[in-house]
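In this text the structure is predicted, and so the values were computed from the model without any measurement. Below, read A as the first sequence line, B as the second, and so on, with proteins coming before strands; counting in each chain starts at 1.
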There are 2 protein chains.
Amino acid sequence: MKLREFAQQLGLSPTTVSRALSGYPEVSEKTRKRVAEEAARLGYRPNINAVRLATGRAGAIGVVMGRTGEFHFSEFMGGLAERLSDDDIDILVSPLDEKDPESEIQLYSRLADSGRVDAIIVHSATPNDERIALLHRLGMPFLVHGRSETDVPHAWLDIDNEGAIRRATSHLLDLGHRRIAMINGRQGRTFSLHRDKGYRDALEARGIPFDPRLVAHGNFTDELGFRFARSFLEQTPRPTAFVAGSMMTALGIYRAARSMGLEIGREVSVIAHDDVFPYLTAENMVPSLSATRSSIRAAGARSADLLLQLLAGRPTSEIHELWPVELILRESTTPPQDA
Amino acid sequence: MKLREFAQQLGLSPTTVSRALSGYPEVSEKTRKRVAEEAARLGYRPNINAVRLATGRAGAIGVVMGRTGEFHFSEFMGGLAERLSDDDIDILVSPLDEKDPESEIQLYSRLADSGRVDAIIVHSATPNDERIALLHRLGMPFLVHGRSETDVPHAWLDIDNEGAIRRATSHLLDLGHRRIAMINGRQGRTFSLHRDKGYRDALEARGIPFDPRLVAHGNFTDELGFRFARSFLEQTPRPTAFVAGSMMTALGIYRAARSMGLEIGREVSVIAHDDVFPYLTAENMVPSLSATRSSIRAAGARSADLLLQLLAGRPTSEIHELWPVELILRESTTPPQDA
DNA sequence: AGATTTTACCAAACCGTTTTAAATTTGTGC
DNA sequence: GCACAAATTTAAAACGGTTTGGTAAAATCT
């Protein structure tokens with residue numbers, strides 16, 4: 001049913017009906033109520049594409065999906081979608097062709113002036129992120145999940161990676177560990193740098209020298225967790241503890257330790273960052289995994305909120321949220337054997 | 001830039017320009033070329049929402065995202081998005097509120113007549129799936145990833161679950177196993193039923209009686225893998241081999257075996273179904289995991305193709321695709337110790 | 001060369017809303 | 001009961017394309 005027909009049945013003009021449904025003030029309460037009731041009864045719903053054309057709003061926000069190591073992506077999306085569906089806003093997913101490194105900035109560029117989205121979410125930012133500069137230049141609203149160090153103003157939601165890893169590392173130091181390896185995320189990403197900093201600061205506070213041979217960077221896969229852990233454990237003296245960037249990395253470390261006959265929680269301690277997944281929990285690993293924890297699904301939901309606020313006109317400069325991270329100690333962290 | 005202005009600059013009518021860009025035949029080759037070149041040069045692109053309103057097409061397909069145990073979801077989506085982005089078709093993600101079982105059919109219903117999507121993908125079908133009946137009734141094109149046994153005609157793309165599990169089970173039987181446990185997917189889903197059938201047929205072919213105490217159903221999480229495996233291994237005599245529904249389930253089984261001091265690949269054999277993830281590979285597990293394998297990302301890409309064909313008018317009855325599944329033997333399957 | 005078809009293009013109607021600017025009705029103060 | 005302001009309602013003009021139904025020019029046929 002079209003607006004015109006519906007309005008006719010009510011004996012009202014399309015204008016009034018449109019306003020009644022959109023909650024504009026210049027409609028009497030009585031009329032508004034009647035319109036709402038009849039709309040429900042007759043099943044009238046405005047044509048979404050006509051609305052979009054008339055308002056110029058896309059009614060959707062864009063998310064770029066990378067290809068590798070993105071097992072946390074669907075959790076973040078889930079949170080986002082959960083919150084956004086209340087407001088009748090769609091999520092538009094664009095895949096990134098990671099074979100071509102040039103393509104990323106082009107993809108954001110295309111997405112921004114495609115008119116398909118009102119705002120964009122930027123993931124895994126770098127300290128001087130080209131995408132942020134681009135979107136700012138184009139005037140496309142966006143929220144960074146994570147942070148950048150660029151001068152370009154940007155709304156962001158991040159977790160306290162630095163603090164989390166500082167505490168995790170400090171905890172291992174408290175237990176007596178002195179050779180602590182870290183398997184971090186992809187080099188160059190802000191969150192990786194923050195984690196590096198947390199790690200180094202914790203060491204420095206104890207006067208332990210930083211050893212670059214104990215730090216590795218890469219995607220969050222069990223494969224890399226295994227390979228890095230393996231090569232670290234082959235060093236002499238070998239590290240007695242690991243700080244892992246993700247659950248998958250931790251799986252790889254567990255595997256590496258086992259493959260060398262080392263017992264996690266006795267000969268090797270492990271602490272990882274856990275984004276909280278319904279299908280793989282730190283609690284359930286054997287031994288149970290000590291972890292810094294922050295729900296990435298909750299972050300997705302909150303990102304949606306912030307994006308809506310941004311679109312509603314709240315200034316970018318106000319939208320900065322830093323979430324604390326829990327540290328949960330379980331069986332995988334114990335004092336070093338030879339301490 | 002609007003069509004009108006752009007056309008004016010070219011000295012053509014909006015009609016001709018529109019047709020030239022959409023590839024209609026009643027435009028001379030010379031003109032078409034000129035229009036295309038100028039469009040690229042001046043950066044003209046039709047307003048997507050105007051196109052949608054005028055054509056009545058949404059330019060998007062809908063996917064419903066469940067909440068639990070959906071770690072394969074993003075891989076499927078990735079394949080889908082990869083293919084769909086070539087055709088300028090969006091993916092619209094709707095989250096399912098799994099607290100309320102009523103809401104699922106309502107969600108599909110809303111999605112179908114929201115006008116936001118041209119087609120919908122249905123996952124994890126049941127033999128007599130309400131959603132399929134609904135979409136058919138509403139005349140909304142859809143593709144089932146998986147299959148149903150309903151009389152309602154539906155396009156589908158499925159992997160040969162039955163054959164895969166039959167071969168996996170047969171392989172274990174060939175090795176000499178007689179007590180083979182299976183941890184399957186959620187009860188009632190067609191794919192689970194097909195896997196059950198493959199399992200039972202393999203047993204029957206050898207005259208091994210089916211023992212319901214060796215079969216469990218549930219979401220694909222490591223937690224359930226662990227719990228079920230644990231309770232199976234506590235039986236006497238205990239099973240000597242497992243058929244697992246997913247990689248996460250396999251992780252749980254590995255963990256359960258270890259927690260009971262049993263060595264995988266010697267005292268317990270495991271074979272799982274692997275959807276192929278970039279961040280967790282069967283090859284890399286220790287011991288490496290024998291698996292039935294089929295890329296869910298490839299299935300996503302192909303689903304997009306089929307959906308496009310469906311929208312282009314190919315009859316539903318022609319769109320049925322059953323993919324064979326590879327069986328890859330690795331270290332986790334060996335003859336039983338006491339055989 | 002004239003009649004007929006084909007090719008290439010165009011003017012105007014349409015898609016279904018929102019929003020601007022103006023008209024009507026209702027309410028208030030005197 | 002009247003002038004004036006406030007509260008409602010409306011007609012008409014966007015929004016930016018696609019598509020229908022023609023028309024003029026070029027090509028083909030008699």
Side-chain angles (χ1 to χ4, degrees), chain A residues 1-36 38-39 42-60 87-90 113-118 311-312, chain B residues 1-40 42-60 87-90 113-118 311-312:
Chain A
M1 178 163 28
K2 304 181 188 187
L3 174 58
R4 183 153 307 165
E5 304 166 29
F6 177 56
Q8 211 149 29
Q9 295 206 23
L10 288 177
L12 288 170
S13 72
T15 309
T16 303
V17 173
S18 170
R19 285 185 163 146
L21 291 174
S22 312
Y24 279 67
E26 54 274 81
V27 173
S28 74
E29 205 44 58
K30 203 179 65 184
T31 309
R32 182 195 314 291
K33 189 152 167 260
R34 190 161 70 94
V35 171
E38 289 296 284
L42 299 174
Y44 167 74
R45 297 170 31 115
N47 177 305
I48 184 76
N49 291 321
V51 172
R52 286 172 170 172
L53 175 58
T55 60
R57 267 176 262 123
D87 291 72
D88 239 39
I89 298 203
D90 298 337
D113 53 36
S114 69
R116 301 157 113 87
V117 297
D118 296 318
L311 290 174
Chain B
M1 176 159 33
K2 305 180 187 187
L3 174 59
R4 184 154 307 164
E5 305 166 29
F6 177 57
Q8 210 149 30
Q9 293 206 24
L10 289 175
L12 288 170
S13 74
T15 309
T16 303
V17 172
S18 171
R19 286 189 159 142
L21 291 174
S22 311
Y24 278 67
E26 54 276 78
V27 173
S28 75
E29 205 42 59
K30 202 178 65 185
T31 307
R32 180 193 315 290
K33 190 152 166 261
R34 188 161 73 94
V35 171
E37 279 167 4
E38 289 296 285
L42 300 174
Y44 168 74
R45 298 171 30 115
N47 177 304
I48 185 75
N49 291 321
V51 172
R52 285 172 172 173
L53 174 58
T55 60
R57 265 176 263 122
D87 290 71
D88 238 38
I89 297 199
D90 298 336
D113 54 36
S114 70
R116 300 157 115 85
V117 296
D118 296 317
L311 289 174

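Counting 5' to 3', DNA chain C first comes under 4.0 angstrom of a heavy atom of chain A and last does so at the ends given by C/dC15 to C/dA21. Counting 5' to 3', DNA chain D first comes under 4.0 angstrom of a heavy atom of chain A and last does so at the ends given by D/dT8 to D/dG16.
When all heavy atoms are compared, the tightest approach of A/R32 to A/Y24 is NH2-O, 2.9 Å.
Comparing the local axis fitted to the first five base pairs of the helix from C/dA1-D/dT30 to C/dC30-D/dG1 with the one fitted to its last five gives a bend of 30°, rounded to 10°.
Taking every heavy atom of residues 47-60 of chain B and every atom of DNA chain C, pairs under 4.0 Å involve B/L53, B/A54, by number. Near-neighbour residues of DNA chain D inside residues 4-15 of chain B, defined by a heavy atom below 4.0 Å, number-ordered: B/T15. Heavy-atom distances under 4.0 Å link DNA chain C to no residue of residues 25-34 of chain A.
Projected onto DNA chain C by closest heavy-atom contact, A/M1 and A/R19 fall at different nucleotides, the more 5' of which corresponds to A/M1.
Rounded to the nearest 0.5 angstrom, A/Y44 OH and A/M1 CE are separated by 8.5 Å. The line from CG of A/L53 to CG of A/N47 is 10.0 Å long, rounded to the nearest 0.5 Å.
A salt bridge links B/R116 with A/D88: at least one charged nitrogen is closer than 4.0 Å to a carboxylate oxygen.
Although no hydrogens or angles enter the test, the distance criterion places a donor-acceptor pair under 3.5 Å between the side chain of B/R34 and the main chain of B/L10. No side-chain donor-acceptor contact under 3.5 Å links A/R52 to the backbone of B/I48.
By the 6.0 Å contact criterion, CZ on A/R57 is open, its count of non-hydrogen atoms from other residues, nucleotides or ligands being 12 or less.
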